[in-house]
K.L.:
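Have a look at this one before I ask anything.
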Amino acid sequence: MRHATIIKNGSPSFDRFVTRLLCSYAYLGYTADALRLFENISNPDTFQWNVMIRGLIEVGLDLDVYIGNSFISMYGKTGCIDFAEKVFDEMPMRDSVSWNSMIGGYALDGDGWKSLLCFQEMMECGIEADRFSVISALTACSLVKSVKHGMEIHYHVIRCGLLSDVMVQTTLVDMYCKCGNVAFAEHLFNSMFQRNIVAWNSLIGGYSLNDHPHEALLTSVEMQERDKINPNPITLVNLLPACAQLRGLSRGKLIHATAIRRGFFPFLVLETAIVDMYAKCGELRSAEQLFEQMMEKNLISCNAMIAAYVQNGQNRKAMELFHNLEKGSVKPDAVTIASIIPACAELALLRPGRQIHGYATKNGYSSNTFILNPLIYMYAKCGDLQAAQRIFDSMLFRDVVSWNTIIMAYAIHGFGRTSIEIFTQMQEKGLKPNGSTFVSVLSSCSIAGMVDEGWMYFNSMQQDYNINPQIEQYGCIADLLGRTGDLEKAESFILDMSLVPTSWIWESLLAASRNARNIELAESTAERILALEHDNTGCYVLLSNMYAEAKRWEDVDSMRALMKKEILEKTRGCSIIEINSLTSSFFNNDTSHIETNTIHEVLDFLSQKIREGIQTTPIKFKPTDILRTEASLPRSHSVRLAICVGLISTTVGTPILV
DNA sequence: GTAGGGTTAG
């Protein structure tokens, strides 16, 4: 009766339940029940068939070593390592095939340590490791990145005369590459008597993996010229990261073209790798186009596309794809989560960010450093510095990125001195700062107005840590000089840099000249920016505001006319606040909120109070100027509106996060 | 004849 009910309701969760029930019957020896249930399943899948076969054999006869090995192999390949283990444990007789199937099964399952343990156990049982065992065990070394174990096996290979085997050699080359020892891999590769495409691919992949993109590309040419071997799809997959590392879009496009010309499509792995390459070369449109054309997609390719959007600043599109994934039957994994959290951070979506945090915790992902690092950033960026700090404190393993992020978190919130204290702690713990660390540190100095310290760290970065300043670190110093009002020094610093100034770096000088109300410098800097980016709306808006402050109304009008002529849409700022799990967003002068009247009453009241407070400080303009200035500025800035709605909706003392 | 292996995307 119960069976009948279950089978009528054939939903996916019921199907899983049926399978589980079937396993229970079969393995507990209730063969008759298992058979009855099995007969009622209209279209048994492979797994269900296997459960039956296994169950019947278990009760029927002692395992023949051939049949047992077949089962181990099959379960290992289908990802049912527990079943493989069970068969292995219960076998009355085991031979080297049984052991090798287990060693290979664990490796296939991604459990390198279990694989190595099994390898060791086999040898302790007095069974000689042959080429099969060695190849699987070396794969396991690659998985756990243990060159130490790899070398031990290498010695064994030499002792047992297995080194002449091409597959063993290839696996050794691959192992040394995966463990980061390219020099050993190269040496071994060069000593190989004959090389096939797999060996070449291993070495090319090794170069890409270890950030030697030029060597990867050169090796692929050498393969074609020296051994007359044409690249196969896997060669291309291994070459694509090299193009991405070099930001070599033209090389990447060439590989894409090669793949089309040689008829390698459709091939999911290759297509995903090309999507990733385009994204990393900043060619988002090509990535998107290929992704949309793909015949087949899976979680990995979707993750690649989500990361592509995030890397290229299209955070909304990333969120959209993420939600589509969730709506479908695909379950996001740790990589998805790690990719989507920065999108929440940039969009300041605290609530979705928290939900994703919850999801990560529920699925056991939230002890991973690569999940926790973006979470720190997300909470900091969304205004919840305490949550960011809590996550940092709770981490069992903090890497350089964790430290960089928490330093930046305090910098974002204006606590420059705290950031510097944390940086000192980081150095005391013996962690080696990288280029990004100094971006955080120098930003902190800038925020806290610590000019001398800023210079000190800028020099220390080069002298003590051998890090050449990149545009980001130069930008921090330019920003530092600008913020402290030393505009001349800032300008000459930018002009004297060893790199060509970008519009981004000029923007910091523009912001500084605005703060210093230096219109001349602002004009010349804006010209420089517009020469690099003719559609930079920020420049027009900022200049127009500066003219307004200086009462130069004709210039304000001509700026606006210029903007209209260029058909530039002013980027609208938006402030978001969350109250009782409901999100409200505000633009400047926004009156769309349901409580808009109350909000404006509070705003007027507060503005009055603020003005009273300002009365004591000297006023730069005459009262009539103030009126015009205020008229030209947002009457009700989005941040103020959001704060007001926060004030009316929460009890006294509740922190308001905008 | 029946069972085991190397390169491959986020």
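Just so it is clear, the values below take in all heavy atoms, side chains as well, and ignore hydrogens, waters and symmetry mates. Letters go in sequence order (proteins before strands), and every chain restarts at 1.
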K.L.:
Could you tell me whether a side-chain N or O of A:R94 sits under 3.5 Å from a main-chain N or O of A:F88, the two making a donor and an acceptor?
P.N.:
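Looks like yes, one N/O pair under 3.5 Å.
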K.L.:
Is the base of B:dA3 touched by the side chain of A:N100 through a donor-acceptor pair closer than 3.5 angstrom?
P.N.:
no
K.L.:
So if I take every side-chain heavy atom of A:V166 and compare against B:dT7, B:dA3, B:dG6, which nucleotide ends up nearest?
P.N.:
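So the side chain of A:V166 is nearest to B:dG6.
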K.L.:
Check this one for me: any side-chain N or O of A:K280 less than 4.0 Å away from OP1 or OP2 of B:dA9?
P.N.:
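For A:K280, the contact criterion (side-chain N or O under 4.0 Å from OP1 or OP2 of B:dA9) is not met.
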K.L.:
In whole Å, what is the span from the CE atom of A:M91 to the C1' atom of B:dG4?
P.N.:
12 Å
K.L.:
Is there a donor in the side chain of A:N232 and an acceptor in the side chain of A:N201, or the other way round, less than 3.5 Å apart?
P.N.:
yes
K.L.:
Whole angstrom is fine here: how far is it from CG in A:L239 over to P in B:dA9?
P.N.:
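These atoms are roughly 13 Å apart.
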K.L.:
Would you mind reading off the distance between A:L240 atom CG and B:dT8 atom C1', rounded to a whole angstrom?
P.N.:
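These atoms are roughly 11 Å apart.
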K.L.:
Is A:S73 close enough to B:dG4 that one of its side-chain N or O atoms is under 4.0 Å from OP1 or OP2 there?
P.N.:
yes
K.L.:
Would one find more than 12 heavy atoms of other residues, nucleotides or ligands at under 6.0 Å from atom NE2 of A:H214?
P.N.:
no
K.L.:
Roughly, in whole Å, what's the span from CE in A:M122 to P in B:dA3?
P.N.:
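It works out to 21 Å between those atoms.
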K.L.:
Contact class for A:I204 (heavy atom, under 4.0 Å): base, sugar-phosphate, or nothing?
P.N.:
nothing
K.L.:
Which part of the nucleic acid does A:V97 contact within heavy-atom distance under 4.0 Å: base, sugar-phosphate only, or nothing?
P.N.:
base
K.L.:
Has A:L396 got more than 12 heavy atoms of other residues, nucleotides or ligands less than 6.0 Å from its CG?
P.N.:
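At most 12 heavy atoms, drawn from other residues, nucleotides or ligands, come within 6.0 Å of this atom.
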K.L.:
Classify A:D130 by what it touches in the nucleic acid, base, sugar-phosphate, or nothing, heavy-atom distance under 4.0 Å.
P.N.:
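A:D130: base contact, heavy atoms under 4.0 Å.
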K.L.:
With distance as the sole test, does A:N312 use its side chain to make a donor-acceptor pair with the main-chain N or O of A:A279 at under 3.5 Å?
P.N.:
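It does hold such a pair.
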K.L.:
Ring of A:F132 versus six-membered ring of B:dG4: centres under 5.5 Å and planes under 30°?
P.N.:
yes
K.L.:
Going by atom types alone, do A:Y278 and A:H256 pair a side-chain donor with an acceptor below 3.5 Å?
P.N.:
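Yes, A:H256 and A:Y278 have a side-chain donor paired with an acceptor closer than 3.5 Å.
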K.L.:
To the nearest angstrom, how far is A:I135 atom CD1 from B:dG4 atom C1'?
P.N.:
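It is 10 Å, rounded to the nearest whole Å.
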K.L.:
Mind checking A:S301 for me? I need base, sugar-phosphate or nothing, with any heavy atom below 4.0 Å counting as a touch.
P.N.:
nothing
K.L.:
Rounded to whole Å, how long is the line connecting atom CE of A:M175 with atom C1' of B:dT7?
P.N.:
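The answer, rounded to whole Å, is 15 Å.
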K.L.:
Measure from the side chain of A:S136, starting at C-beta and using heavy atoms only, and say which of B:dG5, B:dA3, B:dT7 lies closest.
P.N.:
B:dG5
K.L.:
Nearest to the side chain of A:F267 - B:dT7, B:dG6, B:dT8?
P.N.:
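Nearest to the side-chain atoms of A:F267, counting from C-beta on, is B:dT8.
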K.L.:
Compute whether any side-chain donor of one residue and acceptor of the other, for A:N404 and A:T437, lie under 3.5 angstrom apart.
P.N.:
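The criterion, which ignores hydrogens and geometry beyond distance, is satisfied for A:T437 and A:N404.
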K.L.:
Measure the distance from CG on A:N238 to P on B:dT7 and round it to the nearest whole Å.
P.N.:
10 Å
K.L.:
I want to verify a distance call: between B:dA3, B:dG6, B:dT7, whose nearest atom is closest to the A:S70 side chain?
P.N.:
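So the side chain of A:S70 is nearest to B:dA3.
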K.L.:
A:S101 has a side chain; which of B:dT7, B:dT2, B:dG4 sits nearest to it?
P.N.:
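For A:S101, the side-chain atoms sit closest to B:dG4.
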K.L.:
For A:K297, which contact category applies under a 4.0 Å heavy-atom criterion: base, sugar-phosphate, or nothing?
P.N.:
nothing
K.L.:
Nearest to the side chain of A:I234 - B:dT7, B:dG6, B:dA3?
P.N.:
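Selected nucleotide (nearest to the side chain): B:dT7.
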K.L.:
Under 4.0 Å: is that the gap between some side-chain N or O of A:K77 and OP1 or OP2 of B:dG4?
P.N.:
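Checking B:dG4 against A:K77, a side-chain N or O does come within under 4.0 Å of OP1 or OP2.
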K.L.:
Kindly indicate whether the side chain of A:T170 and the base of B:dG6 share any N or O donor-acceptor pair separated by less than 3.5 Å?
P.N.:
yes
K.L.:
Assess whether one donor atom and one acceptor atom, taken from the side chain of A:N196 and the base of B:dG6, lie less than 3.5 Å apart.
P.N.:
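In this structure, the two groups form a donor-acceptor pair.
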K.L.:
Are the ring of A:W200 and the six-membered base ring of B:dT7 within the stacking cut-offs of under 5.5 Å and under 30°?
P.N.:
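A:W200 vs B:dT7: stacking no.
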K.L.:
Atom CG of A:D95 to atom C1' of B:dG4: distance rounded to whole Å?
P.N.:
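Those two atoms, CG and C1', are 9 Å apart.
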